[in-house]
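Sequence lines set the chain letters: A, B, ... in the order given, protein chains first and strands last, and positions in each chain run from 1.
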Amino acid sequence: QGGGSAVIDMENMDDTSGSSFEDMGEMHQRMKEEEEEEAEGEAGAAEEEDGEFLGMKGLRGQLGRQVADQMWQAGKRQASRAFSLYANIDILRPYFDVEPVQVRARLLESMIPVKMINFPQKIAGELYGPLMLVFTLVAILLHGMKTSDTIIREGTLMGTAIGTCFGYWLGVSSFIYFLAYLCNAQITMVQMLSLLGYGLFGHCITLFVTYNIHFHSLFYVFWLGVGGLSTLRMVAVLVSRTVGHTQRLILCGTLAALHMLFLLYLHFAYHKVVEGILDTLEGPNVPPFQRVARDIPVVPNAVLNTTAKAVALTL
Amino acid sequence: FAGLADVSISEDIPVEGEITVPVGSRSPDEDYSTLDEPVKDTIMRDLKAVGKKFVHVMYPKKSSALLRDWDLWGPLVLCVSLALMLQGGSADSKDDGGPQFAEVFVIIWFGAVVITLNSKLLGGTISFFQSLCVLGYCVLPLTVAMLVCRLVLLAGSGTVSFIIRLIVVVAMFGWSTLASTAFLADSQPPNRKALVVYPIFLFYFVISWMILTFTPQ
C-alpha cells in the first residue's frame, strides 16, 4: 500500500534505531543475494534452530531465517492493518477539502444575514474554518487573560481557554442539534458544527478589538452590532430549515440567547473592567480580587455586578 | 521491500544525508548495529545530526536534511529548556510552578500534532514524524528569544526593556514561522499553502506570547 492513508505510514518510517525488524529487513535483503550467489550449499544443512527467537544476530541456517522472515512479514502486516484501522484520518478528509478563497468567502458571509428564509439555505459542511476560528478564539482569550492578570487556582490558563472555547463549540452544537432533532429541523451535525464555528468569527473580531481598547460602551456597540449580525445569520439559516412557528421560536431563541450570552461572558469574565469596578469599591490598599475564572457561570451583566459587589463588601 | 525504499519526498529537493539501507556487499559478521562501537561515537553521531539540523533551521534553505533523517531529540531538548526557562514567572510561583512546565510541554506537542494532522488532511505528502520534527526544530529561534528576554529582564524591567523584548520576540517569531514554512509548505498542493501556514502562525504566536508576557518574581 502506498499513499499515506494512515497517520503513521509504516513504509515511510525512516527509523534507524536498529530494532530487530530493521535487522530482519537487512537480513532478508542479504539472504536474497546470498541465495543467488551460492549453490545448494546451505540448502541441505537443515540445522536445528534454537527454540527461542533470539534476535537476528544469533540465527544460523536456512530454516531459521525463513521462519524469522515469515514472522517479520506477519508482524508488519498486522501492524499496518492496526494503524490503518485506528489511525485512519481519511474519514475526516472530505471535511477539510477547501480552498483559501472559499474560506475567506465563508468568513465574510457569516456576517451577512440572508433575506430569503422560505427556502432552505445551503450550509457547507466544512470543518477547517470552524476549527481555525476556535483556535484563534483560544489565542485571543489567552491574550485577554494575560492582560487582565487572571489568576487561575486549579488548572492552567491554557487549559481554561481551550476548555471554554472547545466546550462551547462542541457542547452548544450538540445541544442545538438535539433541539433541532426535537423541532424537526433539517440540519446535520457537521453542518451545525460548521454554522456555529463560523458564527464565532464575530466573537473573535469583537474580543480582539475590545481586549485592546478598553471602552465599555465600545464593547456594547460591538456586542450588539457584530455579535448581533452573526447571530442573525445563524438564526436566519436555521429558520429557513425549520417548519412551524413554535419550533422556529424555540430553536432560534435558544441559539441567539446562548451565542450572545457567551460573548458577554467572555468579555466580562476575562476583562480588566471587573477588576476596575471592584478596586473603586474597595480602595487601593486591598489586594486584588482573586477569581477562579472557571466558576463564573453564564449570567447577565446585572447579576454579575450585583454578585461582585456583594462579595466585595463581605471581604 | 520495494516499499521500504519508497520515501515520500517531492522530486526536486536535493537529497542529502546517508542512505541507510545497506547493499549486500558486506559480510554478515560486520556490525550493522551500533552495539560494538564506543559510546562516544554513538553520542557524537547523534549530536552532530542534531547540530546540523539546528544550523539548517537558523539558515533555512531548500534542503531535505530535516525531513529525511528526522529525529525528535532536538525538539525534546528545546521544549524542555523553554519550559524550564518559563518557570517561576507568575504571582504564586509555588502554585503555578507545576502547571507551567506541563503547560508549555502540552502546548508545543499538542499544537504540533494538530498542525500535522491538519496538513495531512489538507492533502500534504509529508509524514507524521517528519512534520513533528520540523515544527519542533523551528522552536529554536523562540528559545533563543527566551534566553535574551531573561537576560534583558535581569537588567531591569521598564519600558525600554519591554520594547527590546518585543522587538526580539517578534523577530524570532517571524524567523520561526518562515523557517517552518520553508520546509512544510513545499509538501502541500500549491494553492493551499495559506491554509497550512495559518495554524503554524497561530502556534508560534501563542508561544511568542508566553515568552513576551513572562515576568519573573
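No side-chain donor-acceptor contact under 3.5 Å links A:Tyr128 to the backbone of B:Leu121.
Here the straight-line distance linking atom NE2 of A:His143 with atom CZ of B:Phe205 works out to 7.0 Å at 0.5 Å rounding. Interatomic distance, CZ of B:Phe110 versus CD1 of A:Ile162, reported as 5.5 Å (0.5 Å rounding). The CG atom of B:Asn118 lies 7.0 Å from the CG atom of A:Leu131; values are rounded to the nearest 0.5 Å. Considering CD1 of B:Ile107 and CG of A:Leu142, their distance stands at 7.0 Å, rounded to 0.5 Å.
Other residues, nucleotides and ligands place more than 12 heavy atoms under 6.0 Å from the CZ atom of A:Phe166. The number of heavy-atom neighbours closer than 6.0 Å to CH2 of B:Trp109, taken from other residues, nucleotides and ligands shown, is above 12.
The candidate from B:Asn191, B:Leu122, B:Val106 with the greatest count of non-hydrogen atom pairs under 4.5 Å with chain A is B:Asn191.
For the pair B:Val114 and A:Phe135, the minimum side-chain heavy-atom distance is below 4.5 Å.
For A:Ser194, there are no side-chain hydrogen bond (donor to acceptor under 3.5 Å, both in side chains) partners, not counting sequence neighbours.
When the heavy atoms of residues 95-105 of chain A are compared with those of chain B, the residues falling under 4.5 Å are A:Phe96, A:Asp97, A:Val98, A:Glu99, A:Pro100, A:Val103, listed by number.
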Handout entry: side-chain contact (heavy atoms from CB on, under 4.5 Å) between A:Met132 and B:Leu195, intermediate numbers included
Key = CA-CA 9 Å; A:Met132 288 305 126; B:Leu195 296 182; over 6 Å; no
